[in-house]
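The structure under discussion appears below in the form of structure tokens.
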Amino acid sequence: MPLLDALGRPLEALRISVTDRCNLRCTYCMPRAAFANHAFLEPERLLTFEEIERLARIFIGLGVRKIRLTGGEPLVRPEIAELVRRLAVLPVELALSTNALLLHGQAAALREAGLRRLNISLDAIDHSVFGKMNGLGVPAANVLAGIDEAQARGFAIKLNMVVQRGVNESQVLPMARHFAAREIPLRFIEFMDVGNSNRWERAQVFSGADVRELLRGEFDLVAQPGPAAATERRFRCTRTGAQFGFVNSVTAPFCRDCNRLRLSADGKLFTCLFAKAGHDLGRLVRGGAPEEQIAAMIRAVWTGREDRYSELRATATGTEPKVEMSYIGG
Ligand code: SAM
């Protein structure tokens, strides 16, 4: 019997942030100026791999079927392949989100540790557009090299592109062509108002409908069936077979199907990407609490959950700061 929240949604997925640090400074996520003096978590505050594995087993016991490792940038966490090795043997679908910059040195070890799925983020093929968006002038070629390496190692890859009006909509078609040719599904993500530092404005959202308009003619898309709880709506190009996904979190929120919990790198449990506070699971784990006590806390958090921020966004009036995506895990 699945664990249901206050709105009847089952607990099925968990995103685990393994670090709040990142080797990029994307303007829409960790803007360089806002994070220049940011106090990142001290290494000793991060959940250890033993603690994460223990929690993962408890979550799986409560119905979680999917775990995604994220951050920050998960590949900057030392020995991340060791964590993958521990989790890959559990009865769960395991994936990892990355900007691919460090894949070159780590793809082989990750694959060998049992990881099969990668969600890779890239917002532009053009070097100057990407360089500006990532805040550090890092060339897209470095990401593309990581993607090539991952493909050669046999990873199942999904590509994520955040589209921001006036910033990178020029890259929609080049990205679509590039990844269609490599048979890698490309997902277009609407720019979201996560955190407090990306100066989000509704006018900067380049919607999924806007993207489809750009693709029309060159890529004629038909809707594909997908699981109800998927964040993306899937489409296939009738001519080439290329696959595209649309994560329309602003223009078509999917809160009613949200089956996800998020665990920050220091063990705080969040019931929504837009939450203002987390539940301190890390303290219980570190204090040596028995499994039943930890499971009871997760159960209580989930059964009391009534978040549906994206559906309420238009009427949201709160002034309390939200947590940053780099901390809570994207
Ligand atoms: N570093 C990893 C990566 O690049 O995939 C994992 C963490 S990152 C926060 C996860 C995803 O969140 C990335 O695809 C990123 O583009 C996306 N993201 C971050 N801020 C966003 C925002 N304001 N709106 C939409 N997507 C965002």
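Here, residue 1 is the first one in the sequence, and each next residue gets the next number. Whatever order the structure lists ligands and atoms in, that order sets their numbers, starting from 1.
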Fill in: Location of contacts on Asn99 toward ligand 1, heavy atoms closer than 4.0 Å
both
Practice prompt. Answer side chain, backbone, both or neither: which part of Thr98 comes under 4.0 Å from ligand 1, heavy atoms only.
Written response: backbone
Worksheet item: Are the charged groups of Glu311 and Arg313 less than 4.0 angstrom apart, N to O?
Response: no
Discussion item. Strictly below 4.0 Å, N to O, side chains only: are Arg286 and Glu51 in salt-bridge contact?
Written reply: yes
For [atom], which of the options [options] provides the nearest non-hydrogen atom?
| atom | options | answer |
| --- | --- | --- |
| atom 25 (C) of ligand 1 | Arg187, Arg21, Glu190, Glu324 | Glu190 |
| atom 6 (C) of ligand 1 | Gly72, Ser121, Cys29, Gly195 | Gly72 |
| atom 9 (C) of ligand 1 | Cys22, Ser17, Ser326, Gly330 | Gly330 |

Worksheet item: Taking atom types as modelled and ignoring hydrogens, do the side chains of Thr271 and Asp307 form a donor-acceptor contact shorter than 3.5 angstrom?
Response: yes
Practice prompt. Report yes if Ser97 has an N/O atom closer than 3.5 Å to an N/O atom of ligand 1; otherwise report no.
Written response: no
Discussion item. Can you confirm, on distance only, whether ligand 1 has an N/O atom lying under 3.5 Å from any N/O atom belonging to Met192?
Written reply: yes
Worksheet entry | Option from Phe179, Phe219, Phe235 for which ring pair (Phe, Tyr, Trp, His ring centres under 6.0 Å) with Phe244 holds | Phe219
Discussion item. Using a 3.5 Å distance criterion without hydrogens, assess whether the side chain of Glu183 forms a donor-acceptor pair with backbone atoms of Ala180.
Written reply: no
Fill in: For Asp126, all residues meeting side chain to side chain donor-acceptor pair (under 3.5 Å), sequence neighbours excluded
Ser128
